**Q** 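Structure provided below as structure tokens; questions to follow.
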Amino acid sequence: MPSFSGQTVCVTGAGGFIASWIVKLLLQKGYTVRGTVRNPDDPKNSHLRELEGAKERLTLCKAHLLDYESLREAINGCDGVFHAASPVTDDPELVVEPAVIGTKNVIIAAAEAKVGRVVFTSSIGAVYMNPNRDPAKVVDESCWSDLDFCKNTKNWYCYAKTVAEQAAWEEAEEKGVELVVVNPVLVLGPLMQPTVNASIIHILKYLNGSVKTYANSVQAYVHVKDVALAHLLVYETPSASGRYLCAEPEGMLHRGEVVEILAKFFPEYPIPTKCSDETKPRVKPYKFTNQKIKELGMEFTAVKQCLYDTVKSLQEKGHLPLLVHTQHED
Ligand SMILES: NC(=O)c1ccc[n+]([C@@H]2O[C@H](COP(=O)([O-])OP(=O)(O)OC[C@H]3O[C@@H](n4cnc5c(N)ncnc54)[C@H](OP(=O)(O)O)[C@@H]3O)[C@@H](O)[C@H]2O)c1
């Protein structure tokens with residue numbers, strides 16, 4: 001078993017929701033971490049400096065995904081790379097180029113630095129968006145999203161993540177970089193950063209009164225700590241290879257189930273009770289398997305806990321008012 005404590009690793013987009021947790025766990029395990037951020041002086045990254053071990057073993061490096069030199073400097077001298085930085089938006093102007101070119105830049109810089117392994121944070125969005133998939137097929141790591149479908153439905157985030165992951169595999173193969181990919185579903189749980197990221201807004205909008213109905217759709221959820229643990233697990237397991245779907249199939253819920261769980265835990269918020277599309281039957285979940293990551297020893301937090309931890313964190317960070325929980329009849 002190789003020793004990892006004492007290794008130097010680079011985490012791109014270190015101040016983000018998932019990457020902050022990756023940095024925290026790496027520091028806890030004794031790694032020295034170079035975290036790339038676009039602006040090391042921005043107060044939104046200051047939570048990283050508060051982490052245990054940060055004073056001794058964390059450096060924040062200024063880097064932009066489209067600036068190869070900045071990435072090369074951050075990655076040079078590292079034993080490994082966790083590439084988590086990416087815009088998370090459906091605006092094609094903002095997401096496609098940084099996701100795709102940025103990922104290629106990271107792999108090229110990793111090849112130049114001769115790092116041992118790169119772990120890339122891809123997404124379920126690069127896996128399941130395919131209208132031609134047989135509904136009876138259990139989604140696994142062999143599935144890829146259909147680029148034309150992503151384009152035609154203006155799902156530019158999924159389009160960008162699919163092209164970025166394809167580019168990562170091509171570039172890694174060509175440059176001889178050892179690449180492992182984690183494909184998480186929608187990530188929830190406690191925020192470390194002071195701002196609210198896109199996947200947390202998905203839940204916040206059901207609590208702060210900004211939406212009056214919920215959509216007739218399904219979504220799988222995973223805890224942010226589990227996603228960070230999965231990154232370390234695939235980095236530290238020499239036999240790990242290829243892609244890893246990162247979620248529990250039981251973590252897939254219809255939006256109607258999400259609002260029901262939220263309302264049970266937090267009845268004091270104006271949580272929607274009506275579906276925006278009550279004329280059609282409820283959309284059914286698709287089936288997927290997490291067998292591959294489970295075989296590495298991964299265990300997942302229950303989805304109810306993910307939802308609970310998310311709301312508690314939003315309250316603690318001041319993004320949701322603490323309302324008095326009054327008893328009322330249904
Ligand atoms: N959250 C989810 O549900 C989810 C699910 C599956 C996969 N993922 C993937 O996980 C990764 C992290 O997502 P997240 O939810 O943690 O998002 P996040 O909190 O928005 O973090 C994204 C990070 O990327 C950085 N970034 C964006 N554009 C950049 C650029 N042009 N140059 C350098 N850095 C840039 C941001 O840096 P700044 O702070 O400078 O803006 C930020 O730190 C992404 O690759 C995302 O696609 C997320």
Side-chain angles (χ1 to χ4, degrees), residues 10-24 35-48 60-71 74-75 81-91 93-106 109 118-129 145 155-165 167-168 181-204 219-228 230-231 243-247 251 306 310 313:
C10 177
V11 180
T12 66
F17 176 49
I18 297 172
S20 294
W21 275 90
I22 296 175
V23 172
K24 179 185 166 89
T36 77
V37 290
R38 278 187 280 190
N39 179 3
D41 301 323
D42 191 324
K44 77 175 183 178
N45 294 316
S46 58
H47 62 285
L48 295 171
L60 294 186
C61 315
K62 187 180 165 86
H64 193 286
L65 286 171
L66 298 177
D67 176 1
Y68 177 75
E69 242 346 271
S70 66
L71 291 168
I75 292 171
V81 176
F82 294 83
H83 175 41
S86 172
V88 182
T89 165
D90 266 324
D91 182 337
E93 299 288 319
L94 297 179
V95 69
V96 180
E97 207 186 358
V100 179
I101 308 292
T103 299
K104 281 189 187 179
N105 282 340
V106 168
V118 176
V119 179
F120 171 51
T121 320
S122 183
S123 166
I124 192 75
V127 177
Y128 85 106
M129 291 283 288
S145 291
N155 224 309
W156 293 107
Y157 172 71
C158 293
Y159 175 87
K161 291 302 282 185
T162 308
V163 181
E165 195 194 321
V181 170
V182 179
N183 299 81
V185 296
L186 195 133
V187 186
L188 297 178
L191 299 94
M192 287 169 53
Q193 82 282 6
T195 50
V196 183
N197 60 292
S199 58
I200 297 294
I201 289 173
H202 175 87
I203 297 303
L204 180 59
Q219 176 74 58
Y221 303 95
V222 64
H223 200 283
V224 64
K225 188 172 179 188
D226 295 344
V227 175
H231 280 70
R243 313 168 90 194
Y244 287 88
L245 294 192
C246 185
C306 298
T310 306
S313 174

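Note that the coordinates shown come from a computational prediction; the quantities given were computed from them, not determined experimentally. Counting convention: from 1, in listed order, for ligands and their atoms alike.
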**Q** To the nearest 0.5 Å, how far apart are CZ in Arg243 and CD in Glu165?
**A** 4.0 Å
**Q** How far is atom 42 (C) of ligand 1 from the closest protein heavy atom, and which atom is that?
**A** Gly16 CA, 4.1 Å
**Q** For ligand 1 and Ala14, I'd like to know whether there is a polar contact (N/O to N/O, distance under 3.5 Å).
**A** no
**Q** Determine, using heavy atoms of Ser122 and all atoms of ligand 1, whether some pair is separated by less than 4.0 Å.
**A** yes
**Q** Looking at non-hydrogen atoms alone, which of Ala84, Ser123, Cys246, Gly15 comes nearest to atom 11 (C) of ligand 1?
**A** Ala84
**Q** What do the steps show when you test Val119 against Val182 for side chain to side chain contact (heavy atoms under 4.5 Å, CB included), and what is the final call?
**A** CA-CA 7 Å; Val119 179; Val182 179; 4.0 Å; yes
**Q** What residue and atom, counting heavy atoms only, is the protein's closest point to atom 3 (O) of ligand 1, and at what distance?
**A** Val187 N, 2.8 Å
**Q** For Ala85, counting its heavy atoms only, list the atoms of ligand 1 lying under 4.0 Å from any of them.
**A** 24 (O), 25 (C), 34 (N)
**Q** Is the shortest heavy-atom distance from the side chain of Ile200 to the side chain of Leu188 under 4.5 Å?
**A** yes
**Q** Hey, mind stepping through Asp90 and Asn155 against side chain to side chain contact (heavy atoms under 4.5 Å, CB included) and telling me if it holds?
**A** CA-CA 6 Å; Asp90 266 324; Asn155 224 309; 3.8 Å; yes
**Q** Please check: side-chain N/O of Thr36 versus main-chain N/O of Gly13, any donor-acceptor pairing under 3.5 Å?
**A** yes
**Q** Between Ile18 and ligand 1, does any nitrogen or oxygen pair lie at a separation below 3.5 Å?
**A** yes
**Q** I would like to know whether Phe17 and Val224 meet side chain to side chain contact (heavy atoms under 4.5 Å, CB included); could you show each step before the answer?
**A** CA-CA 8 Å; Phe17 176 49; Val224 64; 3.6 Å; yes
**Q** Considering only heavy atoms from C-beta outward, does the side chain of Ile124 approach that of Leu245 to under 4.5 Å?
**A** yes
**Q** Select one of side chain, backbone, both or neither to describe which atoms of Lys161 lie under 4.0 Å from any atom of ligand 1, heavy atoms only.
**A** side chain
**Q** When you look for heavy atoms under 4.0 Å from ligand 1, do you find them on the side chain of Val185, its backbone, both, or neither?
**A** backbone
**Q** Tell me, with the steps shown, if His83 and Ile75 meet side chain to side chain contact (heavy atoms under 4.5 Å, CB included).
**A** CA-CA 11 Å; His83 175 41; Ile75 292 171; over 6 Å; no
**Q** For ligand 1, which atoms, with element, lie under 4.0 Å from some heavy atom of Pro87?
**A** 27 (C), 28 (N)
**Q** One residue to check: Asn197. Relative to ligand 1, which of side chain, backbone, both or neither has a non-hydrogen atom less than 4.0 Å away?
**A** side chain
**Q** To the nearest 0.5 Å, what is the distance between CD1 on Ile18 and CE on Met192?
**A** 12.5 Å
**Q** So which protein heavy atom does atom 26 (N) of ligand 1 come closest to, and at what separation?
**A** Arg38 NH2, 3.7 Å
**Q** Could you check whether any side-chain heavy atom of Val196 comes within less than 4.5 Å of a side-chain heavy atom of Leu204, counting everything from C-beta outward?
**A** yes
**Q** So, do Ser70 and Lys62 sit near enough that their side-chain heavy atoms are less than 4.5 Å apart?
**A** no
**Q** Numbering the atoms of ligand 1 from 1, which are under 4.0 Å from a heavy atom of Leu186?
**A** 3 (O)
**Q** For Val88, is the nearest heavy atom under 4.0 Å from an atom of ligand 1?
**A** yes
**Q** Could you check whether any heavy atom of Lys44 sits closer than 4.0 Å to an atom of ligand 1, since that is the contact criterion I want to use?
**A** yes
**Q** Can you report which non-hydrogen protein atom sits closest to atom 31 (N) of ligand 1, along with the distance?
**A** His64 CE1, 3.2 Å
**Q** Under the salt bridge (Lys or Arg N to Asp or Glu O under 4.0 Å) rule, collect the residues that match up with Glu69, sequence neighbours excluded.
**A** Arg72
**Q** Do any nitrogen or oxygen atoms of Ala63 lie less than 3.5 angstrom from nitrogen or oxygen atoms of ligand 1?
**A** no
**Q** Which is closest to atom 22 (C) of ligand 1 in terms of heavy atoms, Ser86, Gly189, Gly13?
**A** Ser86
**Q** Any N or O on Ser199 sitting closer than 3.5 Å to an N or O of ligand 1?
**A** yes
**Q** Which of the numbered atoms in ligand 1 are below 4.0 angstrom from a heavy atom of Tyr157?
**A** 7 (C), 8 (N), 9 (C), 46 (C), 47 (O), 48 (C)
